[in-house]
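Written below as structure tokens is the structure these notes are about.
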Amino acid sequence: MKLGLKLLQERAKVGSFWWPYISNLPETYTVPIFFSGEDIKNLHYAPILHQVNKRCRFLLDFEREVKRTLVSLTQDKHPFGGQEVDASSLGWAMSAVSSRAFRLYGEKDPNGIRIDIPMMLPLIDMCNHSFNPNARIVQEQDTSNSRMQVKVVAETAIKEDDPLLLCYGCLNNDLFLLDYGFVMHSNPYDCIELKYDGALLDAASTAAGVSSPNFSAPVPWQELILSQLNLAGETADLKVSLGGQETVEARLLAALRVLLSSNVETVQKYDLSTLQSLDAEAPLGVANEIAVFRTLIALCVIALGHFPTKIMDDESLLKQGASGSTELAIQYRIQKKSVIIDVMRNISRRLKLLSSKETATAEG
Ligand SMILES: C[S@@+](CC[C@H](N)C(=O)[O-])C[C@H]1O[C@@H](n2cnc3c(N)ncnc32)[C@H](O)[C@@H]1O
């Protein structure tokens with residue numbers, strides 16, 4: 001927010017050196033803090049609703065704090081030239097920074113360590129994002145005057161009139177939408193967040209036809225492994241994810257394998273990293289892995305069921321012509337559901353392969 005306040009200060013300053021840059025910044029941003037209440041609800045996904053509410057609350061609190069600080073200042077000491085600063089202008093500044101600033105290393109701290117700081121980079125900030133960028137940002141020290149140089153360097157041959165594309169980072173769609181106001185289709189880093197919850201996993205396992213799952217009542221050796229996975233205990237982190245690069249978060253996979261096994265000796269043969277790896281082929285046996293995969297598929301079905309609309313419904317809404325933030329909210333939830341469907345496809349493929357191997361072994 002420090003950089004955002006500086007931006008507001010320069011915007012209010014008569015004759016600011018930065019005025020040509022600031023006057024060309026977008027007047028509005030498509031980030032969800034500016035969505036109508038209806039379109040925030042249209043996102044249909046609790047974790048992002050939570051984030052949007054958190055950011056809105058932060059802006060309202062910050063507005064109060066800024067107003068409290070400014071009220072006693074005389075005009076000559078007013079950092080914004082006497083202009084009113086409210087949640088809306090603070091939101092504009094926060095969005096300008098989150099969507100356009102790049103985190104690069106700044107000055108060294110007293111220990112000689114470079115600290116990353118957000119910087120506005122005029123012209124460079126005209127480059128859009130791509131996961132297949134044709135350029136990248138390079139930071140160099142100019143040896144002649146020891147000043148920092150920031151350059152955009154081509155990664156591939158770029159034809160005239162082609163846009164320069166940078167990679168903003170391996171981000172999920174929550175961050176793209178919250179910080180930049182757009183959504184990437186088929187984003188390989190997008191994922192959905194679930195709460196690790198014994199009752200939910202019991203329900204998923206039962207729906208998958210797994211007999212007597214005991215996620216709600218793990219035995220002590222299972223509880224111990226859950227603690228090692230940080231899924232049990234006082235400081236447990238119960239947020240787990242599906243999708244993205246891992247397909248199934250490693251901790252969730254290991255928990256499912258362990259809780260669906262009744263054989264402590266077999267489990268103890270493996271270290272946690274093997275139990276957490278989807279590439280480790282059925283470490284606790286084929287029957288265990290099949291139960292794990294079936295539970296995961298049922299978990300995906302439950303997660304899909306939490307969305308009030310189907311992708312088909314969303315697509316027909318888009319065809320009817322939704323506007324602005326409604327369209328963005330619909331695109332966002334389509335992508336979230338696509339993540340779940342992709343995980344289901346991936347796990348179903350693995351399940352089929354495993355089942356056919358099991359049949360071949362039984363027949364052979
Ligand atoms: C650093 S600016 C890039 C320049 C911007 N297009 C402009 O003309 O000002 C970041 C903004 O560009 C847009 N943007 C960047 N990459 C995008 C992409 N791949 N798809 C859609 N919008 C994108 C978003 O509005 C984002 O907030």
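Small disclaimer: the values here were computed from a predicted structure and weren't measured. Just follow the structure's listing: the first ligand is 1, and inside any ligand the first atom is 1.
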- Item | Gap between atom CE of Met1 and atom CG of Leu7 - 0.5 Å precision | 9.0 Å
- What is the distance from atom CG of Leu231 to atom CG of Leu226, rounded to the nearest 0.5 Å? 6.0 Å
Check: [Y] main-chain N/O paired with [X] side-chain donor or acceptor under 3.5 Å:
X	Y	value
Gln222	Val219	yes
Glu155	Asn134	no
Tyr45	Glu193	yes
Arg257	Asn288	no

- Task: Indicate the ring-plane relationship of Phe176 and His129, choosing parallel, tilted or perpendicular according to the 30° and 60° boundaries.
- Result: tilted
- Message: Under 4.0 Å and counting heavy atoms only, is there anything from the protein next to atom 14 (N) of ligand 1?
- Response: yes
- Task: Nearest heavy atom to atom 9 (O) of ligand 1 wins, so pick from Met126, His129, Arg100.
- Result: Arg100
- Which is closest to atom 1 (C) of ligand 1 in terms of heavy atoms, Val31, Asp125, Leu121? Asp125
- Message: Please tell me whether Asp142 and Ser144 have a donor and an acceptor in their side chains that are separated by less than 3.5 angstrom.
- Response: yes
- Give a yes/no verdict on whether any heavy atom in Gly181 is under 4.0 Å from an atom of ligand 1. no
- Does some non-hydrogen atom of Tyr29 fall short of 4.0 Å from ligand 1? no
- Message: Can you name the atoms of ligand 1, numbered from 1 with element, that are less than 4.0 Å from a heavy atom of Cys127?
- Response: 1 (C), 3 (C)
- Message: Under a 4.0 angstrom heavy-atom cut-off, which atoms of ligand 1 come close to Ser99?
- Response: 1 (C), 2 (S), 10 (C), 27 (O)
For [atom], what's the nearest protein heavy-atom neighbour? Residue, atom name and distance, please.
atom	result
atom 12 (O) of ligand 1	Asn128 OD1, 3.4 Å
atom 25 (O) of ligand 1	Tyr180 O, 3.7 Å
atom 18 (C) of ligand 1	Phe182 CE1, 3.4 Å

- Item | Any N/O pair Thr30/ligand 1 closer than 3.5 Å | no
